[in-house]
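Labels below follow one simple rule: chain letters A, B, ... track the order of the sequence lines, proteins then strands, and each chain is numbered from 1.
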2 protein chains.
Amino acid sequence: MNTQSTRADNILRCARSLIVRGGYNSFSYADISKVVGIRTASIHHHFPSKSDLVRVLVAQYREEAAAGLSQLEQAIPDPLDQLRAYLGYWERCFADMAAPFCVCALLAGEIPVLPEEVAAEVRAHFRQLADWLTGVLERGAAQGRLRLSGTARADAEMLLATTHGAMLSARAYGDATAFGAITRPLLERIAA
Amino acid sequence: MNTQSTRADNILRCARSLIVRGGYNSFSYADISKVVGIRTASIHHHFPSKSDLVRVLVAQYREEAAAGLSQLEQAIPDPLDQLRAYLGYWERCFADMAAPFCVCALLAGEIPVLPEEVAAEVRAHFRQLADWLTGVLERGAAQGRLRLSGTARADAEMLLATTHGAMLSARAYGDATAFGAITRPLLERIAA
DNA sequence: GACAGGCTCCCTACTAGTTGGTAGGTTTGG
DNA sequence: CCAAACCTACCAACTAGTAGGGAGCCTGTC
């Protein structure tokens with residue numbers, strides 16, 4: 001296993017931070033070039049086209065998300081605490097200004113103008129996340145820890161939507177604390 | 001009052017439908033030119049710069065929204081029905097494929113790369129909408145028609161976030177019915 | 001040990017097309 | 001006649017992407 005940061009990794013990391021600011025059409029190979037210190041032609045060597053770059057970027061993002069969620073599931077037994085940890089992760093992201101937006105939430109809005117391969121990855125992320133949340137809610141309800149207002153799936157979709165909407169609101173208001181202010185009451189209400 | 005569709009109106013209408021697809025950076029003067037049947041230079045005559053165009057576009061959108069909401073408030077006395085009408089409006093937009101996204105919700109995600117003047121308009125729209133929802137919830141609670149889970153303001157922000165998030169989910173899943181599936185249970189739960 | 005071949009990575013140089021925007025002249029309607 | 005509206009003809013900067021070459025590095029072979 002190779003943990004040293006390769007050029008391709010640098011490019012992906014940089015592209016992610018750029019895409020998180022304003023989506024697919026808000027950055028160019030030239031922008032990456034300036035930050036990473038590489039010529040645009042060399043970026044094409046690693047990622048022949050922009051859609052390749054973003055497809056890989058989102059796929060990698062999804063893998064990290066999956067890994068993070070399964071690790072979180074292992075470390076934290078209680079379903080309510082798992083939700084808390086999930087939302088807490090994003091709250092910390094906003095506080096740090098590290099990556100104050102979900103890549104896929106941003107790209108979802110742009111789906112009509114996205115290359116099909118990228119759109120498919122975004123779609124898959126939404127399903128993945130909704131599935132995970134559904135599982136957590138099901139277990140929480142079975143254990144009597146959570147009080148659902150509908151089916152686990154329906155509540156999961158609502159939770160997902162509120163989370164993404166809270167990101168939009170935080171951006172719109174220019175207030176990082178808005179995310180927590182919106183999502184925290186969600187948890188209090190769902191706790192049995 | 002001049003109800004005939006002027007050139008500037010056509011440009012704005014066209015730009016709106018383009019911007020709704022993928023945000024600020026997803027369309028160009030050339031795109032508008034092709035649809036409206038006018039040269040790009042002539043668009044600059046009506047809107048000197050792109051940020052002017054989008055600022056006016058969002059301001060007009062906000063006016064329409066304000067007018068729509070106040071009209072809705074006049075026509076429908078019951079607060080719960082007002083919420084139903086508001087969400088129903090968007091549900092119909094998705095069904096028609098007419099304008100299946102809120103201009104400001106889309107632009108909110110891109111705020112870091114938006115011209116400041118446009119960002120200010122988007123911010124104002126969020127506040128305007130949150131204010132309206134807060135008012136509806138307050139009245140609904142006072143009349144015993146709605147059962148709030150927090151303050152009216154907090155519930156309004158959550159409702160707003162869920163609505164916007166549901167738009168993202170509908171796009172991500174490529175399923176227009178997803179919007180209603182997510183938002184309808186919201187109303188059932190809030191109804192006293 | 002030398003050395004050729006091939007591979008990865010990155011470069012310079014270039015392309016065609018698009019971007020938002022300008023200068024200045026012409027048409028059109030009151 | 002005047003002004004708004006629209007045009008042609010530009011522009012410089014930027015877009016993603018290509019062609020081709022050179023430096024370094026491993027690997028197989030004599």
Checklist entry - Contact class for B:Ala41 vs. all strands (heavy atom < 4.0 Å): base, sugar-phosphate, or nothing? => result base
Item to check | Side-chain N or O of B:His45 closer than 4.0 Å to phosphate OP1/OP2 of D:dA5 | outcome: yes
Checklist entry - Between the side chain of A:Asp96 and the main-chain N/O of A:Cys93, is any donor-acceptor distance below 3.5 Å? => result no
Item to check | Full working for side-chain contact (heavy atoms from CB on, under 4.5 Å) between A:Asp9 and A:Gln60 | outcome: CA-CA 10 Å; A:Asp9 286 337; A:Gln60 195 192 58; 4.2 Å; yes
Checklist outcome for this item: Between CG of A:Asn25 and C1' of C:dG20 the distance, given in whole Å, is 15 Å
Next on the checklist: Tell me the closest heavy-atom pair linking B:Ala161 and A:Ala166, and the distance in Å.
Outcome noted: CB-N, 3.6 Å
Checklist entry - Between B:Leu83 and B:Leu137, is a side-chain contact (heavy atoms from CB on, under 4.5 Å) present by the stated rule, with each step listed? => result CA-CA 9 Å; B:Leu83 294 181; B:Leu137 294 185; 3.8 Å; yes
Checklist entry - What is the ring orientation for A:Phe179 with A:Phe94, classed by angle as parallel under 30°, tilted 30 to 60°, or perpendicular over 60°? => result parallel
Checklist outcome for this item: Overall bend of the helix from C:dG1-D:dC30 to C:dG30-D:dC1 (five pairs an end, 10° steps) is 10°
Checklist entry - Rounded to the nearest Å, what distance is computed from the CZ atom of residue A:Arg39 to the P atom of nucleotide C:dC11? => result 6 Å
Checklist entry - OP1 or OP2 of D:dC14 sitting under 4.0 Å from any side-chain N/O of A:Ser28? => result no
Item to check | Whole angstrom value for the distance that separates C1' of D:dA16 from CG of A:Leu114 | outcome: 16 Å
Item to check | Given D:dG17, C:dG20, C:dC10, the nucleotide with the shortest approach to the side chain of A:His44 | outcome: D:dG17
Item to check | Atom-to-atom span, CG of A:Asp9 to P of C:dC9 - whole angstrom | outcome: 12 Å
Checklist entry - With a 3.5 Å cut-off and no angle check, do the side chains of B:Thr134 and B:Asp131 form a donor-acceptor pair? => result no
Next on the checklist: Check the phosphate of C:dC9 against A:Ser42, side-chain N and O only, distance under 4.0 Å to OP1 or OP2. Yes or no?
Outcome noted: no
Next on the checklist: Nearest whole Å is fine: how far is C:dG21 P from B:Ile32 CD1?
Outcome noted: 11 Å
Item to check | A:Arg7 side chain near C:dC9 phosphate (N/O to OP1/OP2, under 4.0 Å) | outcome: no
Checklist outcome for this item: Rounded to whole Å, CD1 of B:Ile11 lies from P of C:dG20 at a distance of 14 Å
Checklist entry - Mind checking whether A:Trp132 and A:Glu73 have side chains closer than 4.5 Å, heavy atoms only? => result yes
Next on the checklist: Over all strands shown, is A:Phe47 touching base, sugar-phosphate only, or nothing at heavy-atom distances under 4.0 angstrom?
Outcome noted: nothing
Checklist outcome for this item: Whichever of B:His46 and A:Pro48 has the more 5' nearest nucleotide on DNA chain D, that residue is B:His46
Next on the checklist: Measure CD1/A:Ile43 against P/D:dT18 and give the value in whole Å, please.
Outcome noted: 14 Å
Item to check | Spacing between B:Lys50 atom NZ and D:dC14 atom P, to the nearest angstrom | outcome: 15 Å
